[in-house]
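Each remark here refers to the structure printed beneath this line.
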Amino acid sequence: MLPWVVRRTRLPLLWLRCVGCRSESATTGEGRFRVNANGKLLDVWLLVRCVSCGRTGKLTVHERTPVGSFDPAELDGYRAHDPELVASRLLDPLLARRNRFTLDWKDAWRLDTPPARPGEAWPVQVEVVFADPVPVRPERLIAQGLGLSRSEVLHRVKCDIPLRRPTSTGFAFTVMAGD
Ligand SMILES: [Zn+2]
């Protein structure tokens with residue numbers, strides 16, 4: 001079975017309305033947290049910036065959370081703006097729900113496919129793995145990966161999940177020979 005891997009190439013932008021200019025695109029830039037102590041309680045935010053006017057906003061990561069309940073390594077990560085922690089918080093669906101934004105993955109990911117083997121016999125089985133939770137439409141991903149038109153994909157691909165519904169969960173499919 002051929003492995004295909006979907007992975008991010010950078011952090012996605014955010015669809016988030018700016019209170020200053022009403023633009024709907026924001027970025028975390030290189031990724032910065034702000035940690036604010038209030039007695040034994042901590043607030044942690046992830047900073048975002050409006051792409052059009054540069055206004056800074058804050059996404060709530062932790063709100064009035066007892067210091068003692070933090071994993072010390074996690075707290076160090078917030079204070080050091082650890083890029084892995086920035087990515088894992090930004091891609092956490094709970095953060096998006098809480099702060100009412102959606103991720104804009106345009107041009108922020110790629111599909112890695114192994115080189116085609118000449119003389120490969122049909123049918124071909126492919127397993128798609130997600131290194132990052134990028135929502136993709138299987139139909140489009142398969143068309144891109146195989147260089148087929150979308151109607152050919154619908155004709156020739158057998159798959160257990162709906163081809164037109166975006167997913168970021170691994171799946172497998174089989175491509176039958178063309179006519
Ligand atoms: Zn703005």
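Using a 4.5 Å cut-off between side-chain heavy atoms of Ile, Leu, Val, Met, Phe, Trp and Tyr, with links allowed through other members, V86 and V134 fall into the same hydrophobic cluster. In the hydrophobic cluster analysis, where Ile, Leu, Val, Met, Phe, Trp and Tyr join through side-chain heavy atoms closer than 4.5 angstrom, L90 is grouped together with V35. With hydrophobic clusters built from ILVMFWY side chains whose heavy atoms lie under 4.5 angstrom apart, V157 shares a cluster with V136. L11 and L13 are not part of a single hydrophobic cluster, where members link through side-chain heavy atoms under 4.5 Å apart. Residues L85 and L59 fall within the same hydrophobic cluster, defined by Ile, Leu, Val, Met, Phe, Trp and Tyr side chains chained together at heavy-atom separations under 4.5 Å.
The number of heavy-atom neighbours closer than 6.0 Å to CZ of R34, taken from other residues, nucleotides and ligands shown, is 12 or below. For R64, the CZ atom counts as loosely surrounded, since its 6.0 Å shell holds 12 or fewer non-hydrogen atoms of other residues, nucleotides or ligands.
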(request) Please test L154 against R150 for side-chain contact (heavy atoms from CB on, under 4.5 Å), starting from the C-alpha separation and ending with a verdict. (result) CA-CA 6 Å; L154 295 177; R150 277 151 79 176; 5.7 Å; no
(message) Applying side-chain contact (heavy atoms from CB on, under 4.5 Å) to V48 and F101, what does each step give before you reach the verdict?
(response) CA-CA 11 Å; V48 292; F101 67 84; over 6 Å; no
(message) Applying side-chain contact (heavy atoms from CB on, under 4.5 Å) to V61 and Y78, what does each step give before you reach the verdict?
(response) CA-CA 10 Å; V61 182; Y78 289 132; 3.7 Å; yes
(request) Take V126 and T113 through the side-chain contact (heavy atoms from CB on, under 4.5 Å) test and state the conclusion after the steps. (result) CA-CA 10 Å; V126 178; T113 61; over 6 Å; no
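Under the 4.5 Å side-chain criterion, counting only non-hydrogen atoms from C-beta, F70 is in contact with L42. Counting heavy atoms from C-beta on, the side chains of T28 and L46 come closer than 4.5 Å. The shortest side-chain heavy-atom distance between T65 and V44 does not fall under the 4.5 Å cut-off. Contact check for P3 versus P114: side-chain heavy atoms found under the 4.5 Å cut-off. With a 4.5 Å cut-off on side-chain heavy atoms, R10 and D107 count as touching.
Closest approach of S23 to S25, counting heavy atoms only: OG-N, 3.3 Å. When all heavy atoms of F33 and G77 are compared, the closest pair comes out as CD1-O, 4.2 Å. Heavy-atom minimum distance, D104 versus P12: O-CB, 3.4 Å. Between V5 and A131, the closest heavy-atom pair is CG1-CB, 4.1 Å. Taking both residues in full, the closest heavy atoms of K58 and L47 are given as CG-CD2, 3.7 Å, listed atom of the first, atom of the second, then distance. When every heavy atom of V67 is checked against every heavy atom of L41, the shortest pair comes out as CG2-N, 4.3 Å.
Of the inter-residue distances, the one linking L146 atom CG with L2 atom CG reads 9.0 Å to the nearest 0.5 angstrom. With rounding to the nearest 0.5 angstrom, the CG atom of L141 is 6.0 Å from the CH2 atom of W4. One distance of note links CG of L16 with CZ of R100; it measures 11.5 Å at 0.5 Å rounding. Annotation: the span from R98 atom CZ to D92 atom CG amounts to 10.5 Å, rounded to 0.5 Å. Note that the CZ atom of R137 and the CD1 atom of I142 stand 13.0 Å from one another [nearest 0.5 Å]. To the nearest 0.5 Å, atoms SG (C50) and CZ (R17) are separated by 11.0 Å.
Between the side chain of T9 and the main chain of A108, a donor-acceptor pair closer than 3.5 Å is present. In terms of modelled atom types and a separation under 3.5 Å, the side chain of N99 and the main chain of T60 share a donor-acceptor contact.
Shown here are the salt bridge (charged side-chain N to carboxylate O under 4.0 Å, His left out) partners of R7, two or more places apart in sequence or in another chain: D112. Taking H81 as the reference, R32 meet the side-chain hydrogen bond (donor to acceptor under 3.5 Å, both in side chains) condition, with sequence neighbours excluded.
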Result block: side-chain N/O donor-acceptor pairs under 3.5 angstrom for residues 158-178, not counting sequence neighbours:
| residue | atom | partner | partner atom | Å |
| --- | --- | --- | --- | --- |
| R164 | NE | E139 | OE2 | 3.4 |
| T167 | OG1 | T169 | N | 3.1 |

